[in-house]
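Below, read A as the first sequence line, B as the second, and so on, with proteins coming before strands; counting in each chain starts at 1. Here the structure is a predicted model, which means the values were calculated and not measured.
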Amino acid sequence: MDKLGSVMVIGGGVAGVQASLDLADSNFKVYLVDSLPSIGGTMAQLDKTFPTNDCAMCILAPKLVAAGRHQNISLLTNANLKHVEGKAGHFKATLTRRSRRVDEDKCTGCGVCAQKCPVEALDKFNEGLSKGGAVYVRYPQAVPLIYIINKEKCLGCGICEEVCKAGAIRYDQKDEELQLDVGSIILATGFDEFDPSLKTEYGYGRHLNVVSSIEFERLLSASGPHAGLVLRPSDGDIPRKIAFIQCVGSRDATCGTDYCSSVCCMYATKEAVIAKEHMNQIEPTIFLMDVRAYGKDFDKYIERAENEYGVRFVRCRVSSIEEVPETRNLKIKYEPEDGKLIQEEFNLVVLTVGIKPSESNKELAEKLGVELDKFGFFKTQTFTPISTSKPGIFVCGVASSPKDIPETVTQASAASTGVGELLASARGTLVKKKEYPKERDVRGQPPRIGVFICHCGINIGGVIDVPSVVEYAQTLPNVVHACDNLYTCSSDTQEIVKNRIQEYGLNRVIVASCSPRTHEPLFQETIKEAGLNRYLFEMANIRDQCSWVHMHDHKAATEKAKDLMRMAVAKAREIEPLERVALGVTRRGLVIGGGLAGITAALALAKQGFEVDLIEKNKELGGFLRKIHYTLENDDTQEYLRAMIDNVYSNELIKVFLNSKVENVSGYVGNFKTTVTLDSGSEVKRELEHGIIIVATGGEEYHPNEYLYGKDHRVLTQLELENRITVAADEKFGNVVMIQCVGSRNDEHPYCSRMCCGEAVKNSLKVKEKDPEANVYVLFRDIRTYGIMEEDYKRAREAGVIFIRYEEENKPKLAKIKSEGKEDLQVSVFEPIIQEDIIIDADLLVLSAAVIPPQENGTLAKMLKVPLNEDGFFLEAHAKLRPVDFATEGIFVCGMAHSPKPIEESISQAKAAVSRACTLLTKDTIEAEGIIATVNPNRCTACELCMLVCAYNAIEIEETKRGKVAKVNSALCKGCGACAATCRCSAIDLKGFTDMQMNLIINTLR
Amino acid sequence: MKPAEKEWTPKILAFLCNWCSYAGADLAGISRMQYPPNIRVVRVPCSGRVNPYFIIKALQRGWDGVLVSGCHPGDCHYISGNLVARRRFAVLKDLLEYLGIESGRLNFSWVSAAEGEKFATVVKEVVEKVKALGPAERLVKR
Amino acid sequence: MHNVENSIREAAKKLLSEKKVDLIVGYERGTLPLRTTPCFVDKAEDVRKLVWNENCDANLSKYLLSRKENVGVVAKGCDARSIAVCIFEKQIDKEKVVIIGAPCLGLIDKKKVKAKLDGRELLEATIEDEQIRLKGEGFELVFPKKDFICNSCLTCRHRNPPIYDVFTGEKVSEAEVDEFGEIADLEAKPAKERWEHFKEELDKCIRCYACREVCPLCYCKTCFVDQTMPIWFGKTNDLSDTMIYHLVRAFHVAGRCVDCGACSRACPMNINLREVVKKTEKIMKERYDYTAGLSLEKIPPLGEFKIDDSQEFIK
Ligand code: SF4
Ligand code: SF4
Ligand code: SF4
Ligand code: FES
């Protein structure tokens, strides 16, 4: 039996949404299942994200909307998995969809019901901090925007049923059962927050002014309970001193959570910074054990928090919190490193709660027959970070271990590659292509505008005098038809619109109703079905930006609605059909770099049937990984690498170019041309054509200048030690001193190399294993064994490895001491606990040397026209939600080319890059945007100013008969219009928002 | 008609970027925040689309005030449209004020998709400012 | 001055005879006193025509726009800077020009001279020892030269061309002047008074576009006021239209204007146009620490951004 080309994704958080979008964009049918009534998960609840302080909703909402509208995605919200049968390729899943008591097809999301509902229910989204009714949506921008009645809270008073003009309320709606046949399953169940009341010593639940970090996040949010003001719960005062207590429910064996939640240091710092931004009088203090700022650009963020925002970091474990009865302030007792007990009073305490495996994991694991790890996360392996123990079932995001948003998004895409590899043969079999009637050519015809004005139940009609607006619209030039509708978005009205288009020969359509951000695509679809180009459409927002915000001034609202009408008509008279140019795609990939990431990417592409050119600058494949021999889990990396390389060479779709480098790149998404130089004795040049590029140039080990490296044979790097451990059979190691952060987190390389802490823990365990008598000292600044690695850190300490912290200003010193005719290595380090220098005689001094970017990154970045960050690593399009994309379409990054990272993360990124690439490679053609810039060659002076401001490198200067002029590449232009607004000559304009249209709109003032 | 004849209410033209400020304005609506009805919104893809001509033309045409609003720095849907625009607006505003145009007529803000409240506040403030200035006269072509 | 003139000639001769350029654009003596006119020399023996003095006021950069041949051009500080701007903006091909940089000590402002003459006709003028002698029928007047120096030269900080291929003569010391002092008083006034001031000034404009024609940076194929579809702004003498013309022109030269003063000198109505564009220079300097025309690589302010650019005017 053939495999099925469909996938069930469980969990509608950012991971599930990303996986669904990738799959749907590469021609799989997706069922996105969420147990909540709307998708969005935890991220929809965040205020800002670090390190860029982006507004979380701003960046997430477009993805949610895209998922909600995607023709290959079915959203199954408020649904739970009942059971599953079958195996990879064909699973049969049974789901229960719980009743919303609201008809999904009828609800327009207008929210009148919630407005009128008499029940004050606690609003779960605002973490219990504000109130809402029994009929609700989780958050204002909810996807899908369908209300739900909370059965527990509902009085059954019938008010909503009465006010809902759409007749969507269904008190008697029953739960229903649903069967799905899918080829594969992705688990993206996210996480639960640790319940801070379990840590009784912190008094959560007892003391009013002790809040959890999630509650605090909502407090900070502009859409939160106090609209962004930080007010403390007991008295609504502004708290001056705020304490953040880290690791609440993390790194804590007493709660069974002896892993690190990976994100808390950063998000607490972010909350501290934002609190400070909101209200300058706030003095935040963060109590923590280590500053785990291991991610890309994270250390810089911490530094800014400390120096620019005055966030105080105190290293300690907090022993107790007591409330001062009169003030409700909190006294914190803590023991800093020097061991003196201190008591300090704060106005508000935030408990930075850790990540817990989702409660649902256990049940799911049983139903699906997959294994969990001892904490309750879905079990994965280093080399297969997105596979569960059962073939055909993949996992991504925090469902498998704590991780931050970019890693989550990366894994989501990677999981989609997992599915792609499995179901490649069934791709496209279950998606339908919608057929539309042939487009009517309206060019050159005088505009015949039809206007549809919506009452939106009473939302508009209750405030604005709709009939008078209809009457007014009829008087406007070129309007040949105007009418009103109760709900313009309802399916029967769509038929009316289509009929009127025929009846009146309309060639422009205006809907005056709600926001184009939510409804424009729907109406565009409708007019397309009636044979009109989708761009012959315009909207006037007379609800969200008129009737709803001027509810008490009916007259002014009606006047305003007329003005908006006039503006819409002015623009509509000038709108033209726009074309989405279809560009061919060369279905072949280019991967630059033959290390772990590059090899993984090449294989993943080939497994999905795409040809790949793999370019490696050295004489053999393997890169950095050649120097790593085992993992913390004791996997044999060299064996793995050998097998991968064999696979590459035996796969006929992959062509390997060794000793090669990229010489030149031209073209654009779908159609790149690359010149590669092969240096095998004599130089040979090759021209390659391909549709996508994956940059996987890797990283290199820093060659230390510090600590006599290269001058004394007893001084090694971690990688050299690893080699030695592997080769030497039974060596005696004696005193091994490891120094962390050599070449990292300093002025030259201000970033954290991310993998060295794990390396040091791994190698010290190995040394101890080989020679239990050896003494291992690890001198560190922060131990950044994030995630499950924390366990190994603990293991190392239990094995007797001694960890000593040093400060950046007080680096360990190395001296050579002559004794008995030989020179001893002596390391001295200031020990903060005993406040004294400790001296260690070292038989081996091991330096955890930084990972640095390869030199060639600079030239390659220029050729590809993609940016590097300050540290010389490639800079992705968006730190959170587009971790492997570049702003320039068709080019992707993975592995250490992006930033230093351990093996499993490189593998995930490589697969993620492939997933993103497949959304292009699986298409015959790529549709360019319709709204793009165009150049008027008669005006253009080829001054190149537009090129400077275009963030997408979409403009080039072209030599024409009439001289040089700018040319917009429609494949790359995103339609922002920055160029058009910058050009002094008005030589470049933006379709869909033309100068002409804007001018007419401005002129509508009366 | 002279402004004095009828009771004058200011008319303000607002250019809002689609991805943040327009969404913020929607959120103000969804949250039923009330603000003065003097503003007319033009949706643009990005604050980077706003050509100085739009603003100057609006002033010449007699709009009493102009508001341009986009995503906060770092949030622009088109990466840097707002950052390029910010410089353009700074220069334009400085120049217009130098020529003697009242500063309250030209308004800029960053309003995110989550800042419905901020949007309402911005509108209120702009309307207040423009009211205090009275009907536009300088630069208006009669 | 003489040695500069000589070395300009030498440089020109060398360039022509070594066939490095096909043409030299420089200045020759004009027919009227205190005048020079641009001249084109394509033979080595003709370099004697070239002069160098305080009347070489035309900004020759405009003559380089869309030239096909290789050209050597005589350039003062401000000229060289506008050439640099045009090179950056790809209006002048760097490979095709040789900038013969010459130090400048300030130009004579003919309008200032004219004011002193009270309508009498000038027949002869000589400049010697920082003094200027004006002769005409029945009069001979002597003034200190500094009384007649162009305002733009008085605040110039780049008398030596910052960009050149050949430097002629010796570098002169740069004056430590308050670059933006000229507009400080005006800036300090309340908006209403500024408005009245500009209203009065710009109302004189007859829309002859001399300022635009002479500006080295106004090279658009169709100036915005001449565009249709849409017609953004009118071409009338209506005050609003006129104001906007000058406002937009100032905006268009923001970050590019080198304060050569050509627009002011060209205005037949004696409008001090520098007063408008000077402000753009100041904005660029204060907000973005940028001075136009000092580099061929540096991206001008409106073509780039920094994440922490000033934004005190944004809510
Ligand atoms: S259509 Fe009815 S159920 Fe839906 S939101 Fe409006 S009032 Fe509520
Ligand atoms: S379109 Fe405008 S900005 Fe771009 S090169 Fe042409 S004239 Fe310059
Ligand atoms: S519209 Fe934006 S993306 Fe398109 S060419 Fe212009 S600046 Fe580039
Ligand atoms: S998209 Fe909002 S400012 Fe660019």
Visitor: Look up atom CD in Gln311(C) and atom CG in Asn82(B), then write down how far apart they are to the nearest 0.5 Å.
Guide: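 Going from CD on Gln311(C) over to CG on Asn82(B), the span is 9.0 Å.
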
Visitor: Between Val140(B) and chain C, which part of the residue has a heavy atom less than 4.5 Å away: side chain, backbone, both or neither?
Guide: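 Only the backbone of Val140(B) comes within 4.5 Å of chain C.
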
Visitor: Chain B: which of Ile183(C), Thr280(C), Thr236(C) shares the most heavy-atom pairs with it under 4.5 Å?
Guide: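 Highest number of pairs under 4.5 Å: Ile183(C).
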
Visitor: Do Arg86(B) and Phe305(C) come within less than 4.5 Å of each other through their side chains, counting heavy atoms only?
Guide: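 Result no, sub-4.5 Å side-chain heavy-atom pair not found.
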
Visitor: Please, which pairs that meet ring pair (Phe, Tyr, Trp, His ring centres under 6.0 Å) have at least one residue in residues 277-299 of chain C, sequence neighbours excluded?
Guide: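 Pairs touching residues 277-299 of chain C that pass the test: none.
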
Visitor: Can you tell me how far the CG atom of Asp241(C) sits from the NZ atom of Lys141(B), to the nearest 0.5 Å?
Guide: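 Interatomic distance, Asp241(C) CG to Lys141(B) NZ, rounded to 0.5 Å: 3.5 Å.
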
Visitor: Give, as side chain, backbone, both or neither, the part of Leu186(C) having an atom under 4.5 angstrom from any heavy atom of chain B.
Guide: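 Contact with chain B: side chain only.
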
Visitor: Using non-hydrogen atoms only, which part of Ala254(C) is less than 4.5 Å away from chain B: side chain, backbone, both, or neither?
Guide: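 Just the side chain, heavy atoms under 4.5 Å.
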
Visitor: Considering all heavy atoms of both residues, which atom of Gly74(B) and which atom of Ile307(C) are nearest to each other, and what is their separation?
Guide: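 That would be N-CD1, 4.0 Å.
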
Visitor: Name the orientation class of the two ring planes belonging to His252(C) and Tyr53(B) (parallel below 30°, tilted from 30 to 60°, perpendicular beyond 60°).
Guide: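 Aromatic pair His252(C)/Tyr53(B) classed tilted.
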
Visitor: To the closest 0.5 Å, what do you measure between CZ (Arg194(C)) and CG (Leu99(B))?
Guide: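 Nearest 0.5 Å value for the CZ-CG distance: 8.5 Å.
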
Visitor: Please determine, by modelled atom types, if Glu102(B) and Trp195(C) share a side-chain donor-acceptor pair under 3.5 angstrom.
Guide: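 The criterion, which ignores hydrogens and geometry beyond distance, is not satisfied for Trp195(C) and Glu102(B).
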
Visitor: Non-hydrogen atoms of chain B under 4.5 Å away: do they reach the side chain of Glu193(C), the backbone, both or neither?
Guide: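 Contact with chain B is absent: no heavy atom of Glu193(C) under 4.5 Å.
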
Visitor: Is it true that atom NZ of Lys111(C) has more than 12 heavy atoms of other residues, nucleotides or ligands lying nearer than 6.0 Å?
Guide: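 It does: Lys111(C) NZ has more than 12 such atoms within range.
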
Visitor: Against chain B, label Phe198(C) side chain, backbone, both or neither, depending on which of its atoms sit under 4.5 Å from a heavy atom there.
Guide: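 Just the side chain, heavy atoms under 4.5 Å.
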
Visitor: Among Lys285(C), Lys282(C), Arg287(C), find the residue that satisfies the salt bridge (charged side-chain N to carboxylate O under 4.0 Å, His left out) test when tested with Asp94(B).
Guide: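 Testing each of Lys285(C), Lys282(C), Arg287(C) against Asp94(B), the sole residue satisfying salt bridge (charged side-chain N to carboxylate O under 4.0 Å, His left out) is Arg287(C).
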
Visitor: Determine whether a donor-acceptor pair (N or O, by modelled atom type, separation under 3.5 Å) exists between the side chain of Lys118(B) and the backbone of Lys315(C).
Guide: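 Yes, Lys118(B) side chain to Lys315(C) backbone: donor-acceptor pair under 3.5 Å.
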
Visitor: Quick one: which of Tyr98(B), Trp110(B), Phe89(B), Phe108(B) has the most heavy-atom pairs under 4.5 Å with chain C, could you say?
Guide: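 The answer is Tyr98(B).
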
Visitor: Under a 4.5 Å cutoff for heavy-atom pairs, which residue among Glu196(C), Lys189(C), Lys306(C) has the most contacts with chain B?
Guide: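 Between Glu196(C), Lys189(C), Lys306(C), the count favours Lys306(C).
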
Visitor: So, taking the atom named CG in Leu83(B) and the one named CG in Asp309(C), what distance separates them when rounded to the nearest 0.5 Å?
Guide: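 Output value for this atom pair is 7.5 Å.
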
Visitor: Heavy-atom distance under 4.5 Å to chain C: side chain of Lys93(B), backbone, both or neither?
Guide: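 For Lys93(B), side-chain heavy atoms alone lie under 4.5 Å from chain C.
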
Visitor: Kindly compute the distance separating CD (Glu304(C)) from CZ (Arg87(B)), expressed to the nearest 0.5 Å.
Guide: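 Nearest 0.5 Å value for the CD-CZ distance: 5.5 Å.
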
Visitor: Within a reach of under 6.0 Å around NZ of Lys112(C), are more than 12 heavy atoms found that belong to other residues, nucleotides or ligands?
Guide: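 Yes, because the 6.0 Å sphere around NZ of Lys112(C) holds more than 12 heavy atoms from other groups.
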
Visitor: Rounded to the nearest 0.5 Å, what's the gap from NE2 on His72(B) to CD1 on Ile314(C)? Could you check?
Guide: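 Here the interatomic distance stands at 10.5 Å.
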
Visitor: If you define the side chain from C-beta out and look only at heavy atoms, does anything of Ile56(B) sit under 4.5 Å from Phe233(C)?
Guide: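 Touching, per the 4.5 Å side-chain cut-off.
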
Visitor: Quick one: of Lys279(C), His197(C), Lys192(C), who has the most non-hydrogen atom pairs under 4.5 Å with chain B?
Guide: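 When all of Lys279(C), His197(C), Lys192(C) are compared, Lys279(C) has the most.
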
Visitor: Based on non-hydrogen pairs under 4.5 Å, which of Asp308(C), Leu247(C), Leu202(C) is most in contact with chain B?
Guide: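 Option with the top pair count is Leu247(C).
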
Visitor: Non-hydrogen atoms of chain B under 4.5 Å away: do they reach the side chain of Ser310(C), the backbone, both or neither?
Guide: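 Only the backbone of Ser310(C) comes within 4.5 Å of chain B.
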
